[in-house]
Amino acid sequence: MTMANHDIRLIVLDMAGTTVADGGLVEQAFERAAAELGVEPGSPDHTRKLDYVRATMGESKISVFRHLFGEETLAQRANTAFEKAYGELVDAGRVAPVPGARETIEELLAGGRTAVLTTGFARVTQDAVLDALGWRDLVPLTLCPADAGGRGRPFPDMVLEAFLRTKAADDVRQIAVVGDTSYDVLTGVRAGAGLVAGVRTGAHGDDAFHAAGATHVLDSVAALPGLLRGAG
């Protein structure tokens, strides 16, 4: 049995690139973290690492740094430096809502659905973004990888954690997962979500979304309510 879009009860939304516009802050924060660990700007090693960061947007950040630096102590140092740098950029006013994102979330909630915001960042960074936007009380639940046992995207854990904690849906097929990366899409597919949408406001594009198994591709999260009403 397939679920119709109007049967969706739980919407799991990514933050940076999906509901939050951060203007490339991930790359800027990575530059600072790499410099702290002695990666020479402009070197082949720097280029290779930055390319990997771009390719893995959406993945849990500590997982990215474990891949890049190998040794756990170095990975933790890099992750701490990255989160600190990103937080400073957020505090400097460098984030804003994706146009229509707040209104979309409010419309979904007003229609009786439950919305959850997820991220690959650590909790302290997620909270800094929420505070900067005045979104701390916007949704009933926000999740980072640590809230789901430590595994971030592309594992399905955060989506399933949202399903278990909110009890908003009776079936995983009543979940919609929306994000701007192939990792978001893969997370939704692995969780069994009935609607898995990529949005064109962030890191990855249509080919990556379709390759990961997206059911839909939207220009932005603002198109989601229409899709759920059956207009998409």
Side-chain angles (χ1 to χ4, degrees), residues 12-90 94-95 117-129 142-159 161 177-191 198-199 201-205 207-209 211-212:
V12 179
L13 300 164
D14 170 52
M15 291 179 63
T18 302
T19 54
V20 180
D22 70 0
L25 293 197
V26 168
E27 292 187 20
Q28 293 177 47
F30 168 75
E31 298 273 4
R32 294 194 192 180
E36 188 158 318
L37 269 77
V39 180
E40 188 67 33
S43 67
D45 184 42
H46 184 279
T47 300
R48 181 182 62 81
K49 284 181 167 59
L50 182 56
D51 285 346
Y52 186 81
V53 167
R54 289 172 175 151
T56 56
M57 289 287 190
E59 187 178 351
S60 169
K61 293 299 174 282
I62 185 60
S63 297
V64 172
F65 288 119
R66 283 180 179 133
H67 176 90
L68 289 177
F69 294 99
E71 204 269 316
E72 182 67 16
T73 303
L74 289 178
Q76 292 290 347
R77 276 183 57 201
N79 190 62
T80 299
F82 171 87
E83 299 279 357
K84 180 174 180 287
Y86 194 94
E88 288 171 351
L89 292 164
V90 168
R94 299 285 299 279
V95 294
L117 292 169
T118 64
T119 185
F121 295 132
R123 168 56 62 183
V124 64
T125 307
Q126 184 177 33
D127 284 347
V129 174
T142 63
L143 294 171
C144 67
D147 297 323
R151 293 201 311 180
R153 307 181 192 110
F155 296 101
D157 301 27
M158 284 195 290
V159 175
E161 187 75 12
V177 176
V178 183
D180 68 300
T181 73
S182 59
Y183 289 84
D184 295 296
V185 171
L186 191 54
T187 292
V189 170
R190 289 178 171 180
V199 291
T201 50
H204 295 161
D207 289 346
F209 297 145

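- Residues T187 and M158 form no side-chain contact, since every pair of their non-hydrogen atoms from C-beta on lies 4.5 Å or further apart.
- For the ring-ring contact (aromatic ring centres under 6.0 Å, His included) test, no residue two or more places apart in sequence or in another chain qualifies with F209.
- Counting only N and O atoms by type, the side chains of T181 and R153 include no donor and acceptor under 3.5 Å apart.
- Classified by interplanar angle (parallel below 30°, tilted 30° to 60°, perpendicular above 60°), the ring pair H204/Y183 is tilted.
- One finds no salt bridge joining R32 and E36 here, because no Lys/Arg side-chain nitrogen approaches an Asp/Glu carboxylate oxygen to under 4.0 Å.
- Here CG of D157 is found 10.0 Å from CZ of R190. Values are rounded to the nearest 0.5 Å.
- At least one donor-acceptor pair closer than 3.5 Å links the side chain of D147 to the backbone N or O of C144.
- Between atom CG of residue D14 and atom CG of residue D184 there is a gap of 4.0 Å, rounded to the nearest 0.5 Å.
- Residues T142 and R123 bring a donor and an acceptor atom of their side chains to less than 3.5 Å of each other.
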Would T118 and V159 count as a side chain to side chain contact (heavy atoms under 4.5 Å, CB included) here? Give the steps. CA-CA 8 Å; T118 64; V159 175; over 6 Å; no

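- Between the OG1 atom of T119 and the CG atom of D127 there is a distance of 10.5 Å, given to the nearest 0.5 Å.
- Between the side chain of R94 and the backbone N or O of G23 there is no donor-acceptor pair closer than 3.5 Å.
- For the salt bridge (charged side-chain N to carboxylate O under 4.0 Å, His left out) test, residues two or more places apart in sequence or in another chain that qualify with E27 are R54.
- The shortest distance between side-chain heavy atoms of I62 and Q76 falls below 4.5 Å.
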Should E31 and L50 be marked as a side chain to side chain contact (heavy atoms under 4.5 Å, CB included) after you check the CA-CA gap, both sets of side-chain angles, and the distance that decides it? CA-CA 8 Å; E31 298 273 4; L50 182 56; 3.8 Å; yes

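- Applying the 6.0 Å contact sphere to CG of D207 captures no more than 12 heavy atoms from other residues, nucleotides or ligands.
- A cation-pi contact links K49 to F69, judged by a cut-off of 6.0 Å to the six-membered ring centre and 45° from its axis.
- Residues S182 and A208 approach most closely at CB-O, 3.9 Å, considering heavy atoms.
- Closest approach of L89 and A29 over heavy atoms only: CD1-N, 4.2 Å.
- In this structure, the separation between NZ on K61 and OG1 on T56 is 7.0 Å, given to the nearest 0.5 Å.
- Annotation for H46 and A34: closest pair CD2-CB, 4.4 Å, computed over non-hydrogen atoms.
- Distance alone, capped at 3.5 Å, is enough to place a donor-acceptor pair between the E71 side chain and the L74 backbone.
- In this structure, Q126 and L117 approach most closely via the heavy-atom pair NE2-O, 3.5 Å.
- The aromatic rings of F65 and F30 lie parallel to each other, with less than 30° between the two planes, well short of the 60° mark.
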Between V26 and F121, is a side chain to side chain contact (heavy atoms under 4.5 Å, CB included) present by the stated rule, with each step listed? CA-CA 10 Å; V26 168; F121 295 132; 3.9 Å; yes

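- Here the CD-CZ distance, from Q28 to F82, works out to 10.5 Å after rounding to the nearest 0.5 Å.
- Using a 3.5 Å distance cut-off with no hydrogens or angles, the side chains of D180 and T201 do not pair a donor with an acceptor.
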